[in-house]
2 protein chains.
Amino acid sequence: MEDNGILLETLIGIFTIEHSKIKVLLTRRSEEPYKGYWSLLGNDLAFNETLENNVTDVVIEQAGLSNVNVEQCHTFSNLDRGLEDRKIAVTFIGIIDSKTVELKRQQNSYELGWFDIEDIPKTGFDHDYLINYMIDFLKKKLLNIASLKLLFPSDFSLPELQKVYEQILDKNLDRRNFRKKLLSLDLIEETGYFNEGYSGRPAKLYKFKSLSDEGDLF
Amino acid sequence: MEDNGILLETLIGIFTIEHSKIKVLLTRRSEEPYKGYWSLLGNDLAFNETLENNVTDVVIEQAGLSNVNVEQCHTFSNLDRGLEDRKIAVTFIGIIDSKTVELKRQQNSYELGWFDIEDIPKTGFDHDYLINYMIDFLKKKLLNIASLKLLFPSDFSLPELQKVYEQILDKNLDRRNFRKKLLSLDLIEETGYFNEGYSGRPAKLYKFKSLSDEGDLF
DNA sequence: GCAAAAGTGTTACTAGTACACCCATGC
DNA sequence: GCATGGGTGTACTAGTAACACTTTTGC
């Protein structure tokens, strides 16, 4: 067959929330090409594995994370995206909450960094383009309540949640209306704890009720 | 590299509306394996083409169609989906209006058939699974007004449109409310013509206004 | 006490839902 | 004239949008 020579790779953008900002996990390249540049995590596909197996391994081995919700995003096949070889990228997005990130943070041989999606560093290959595609994909996905719960499993405040939605929707929301909407959905309940240690009045912390609910928030 | 031997194929489900029913275009296989079964249109990927180029050629050569709106759907990489080779499928959905289908219908060497998505015939390979995935993907896409315009470029009646949405949403809609909603969006206008030749009162025909509008209908 | 951020209620407007009768055509 | 399917209006309900002052904390 003619497609001998076409290589397949997976590339995953793992997203979390840190201090009410959407962040993506990148790794710094330690080798040429693009040595010193940041890039998405990923791996070439082996003959006897599925894309999903491959990307699960990437998450564990390169990011040192588990419990990441992974979903396929898009497949890119431009002729010029590999440097020497013909290379097709199947991209994924991963979602994980920041508390699990803290717990699972461990040393491995990769230099990793979380970057605000509004402030992505210089990346190698076409990853800048892919990251922007992933961000659009993520934003659509996060309009759904089930996805939101992946980012905020517990102990979040409504102002935090609101700031994330303001990034997704790219507009400011009214605090009272936002609160009213969320509480009226009967999805969340107070934990009784407060978000202390910041300036200003401490915010009440909430958690999702165990009964799962689907549907879009906006 | 290890992925020598992994073949890539494109597979496309082309959708249209015929008599208010959503239909998908399949071809009957003239050779083994699965000789006599129906299957999606598609082709193996060559070294020097993108997935999008490949699928555009499939549409022209196998379906005999042009003016099809094509969008990438999902990439399937199960180890057992090829029969002898390892084969990964990148799937696409295509949308075309029925009038263009009529105009472009031409003879080629492929036996083609349009099938109601509620009544798909026996298909080869894993295409039954892929078709169902595509149908879900299509339904989400058709909630958007821009996609709807691809199916109904002109001279459609509101009852026709309503029947399509009833299939997408899988519930019955009230005629008066549907009409009120569509007219209130200021998207469509009467053509002055009527849908004659059917039993009952002829329906007014509409067309979309030239100003494009985005957003979701439901 | 002052700066910072969170919590709270009411009103007006807009969109969605429910529902029953008349109209135009073919036979 | 009757069967078929299309067109129309109103009342009710729910959701969204606009808007300002008070509360709790850290310093």
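Chain A is the first sequence line, chain B the second, and so forth, proteins listed ahead of strands; every chain is numbered from 1.
Ring centroid separation for the pair A:Phe152 and A:Phe208 does not come in under the 6.0 Å cut-off.
Taking atom CG of B:Leu205 as the reference point, atom C1' of D:dG7 lies 14 Å away to the nearest angstrom. When rounded to the nearest whole Å, the span between CG of A:Asp186 and P of D:dA14 equals 16 Å. A:Phe194 places its CZ atom 10 Å from the C1' atom of C:dG7, with the value rounded to the nearest Å.
No more than 12 heavy atoms of other residues, nucleotides or ligands sit less than 6.0 Å from atom NZ of B:Lys207. In this structure, B:Phe137 places its CZ atom where more than 12 heavy-atom neighbours from other residues, nucleotides or ligands lie under 6.0 Å away. By the neighbour-count criterion of 12 heavy atoms within 6.0 Å, atom CZ of B:Phe115 is densely surrounded, having more than that number from other residues, nucleotides or ligands.
Interatomic distance, A:Leu150 CG to A:Phe15 CZ, rounded to the nearest 0.5 Å: 13.5 Å.
The backbone N or O of A:Leu40 lies less than 3.5 Å from a partner atom in the side chain of A:His127, making a donor-acceptor pair. Side-chain atoms of B:Gln167 come within 3.5 Å of backbone atoms of B:Ile22 as a donor-acceptor pair (strictly under, hydrogens ignored).
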Sequence-aligned protein contact record of nucleotides 22-27 of chain C, with B where the base is within under 4.0 Å of a protein heavy atom and S where only the sugar-phosphate is: -BBB--
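The aromatic rings of A:Tyr133 and A:His74 sit tilted, their planes meeting at an angle between 30° and 60°.
At a non-hydrogen distance threshold of 4.0 Å, B:Asp174, B:Arg176, B:Asn177, B:Lys180, B:Lys181 from residues 174-183 of chain B come into contact with DNA chain C.
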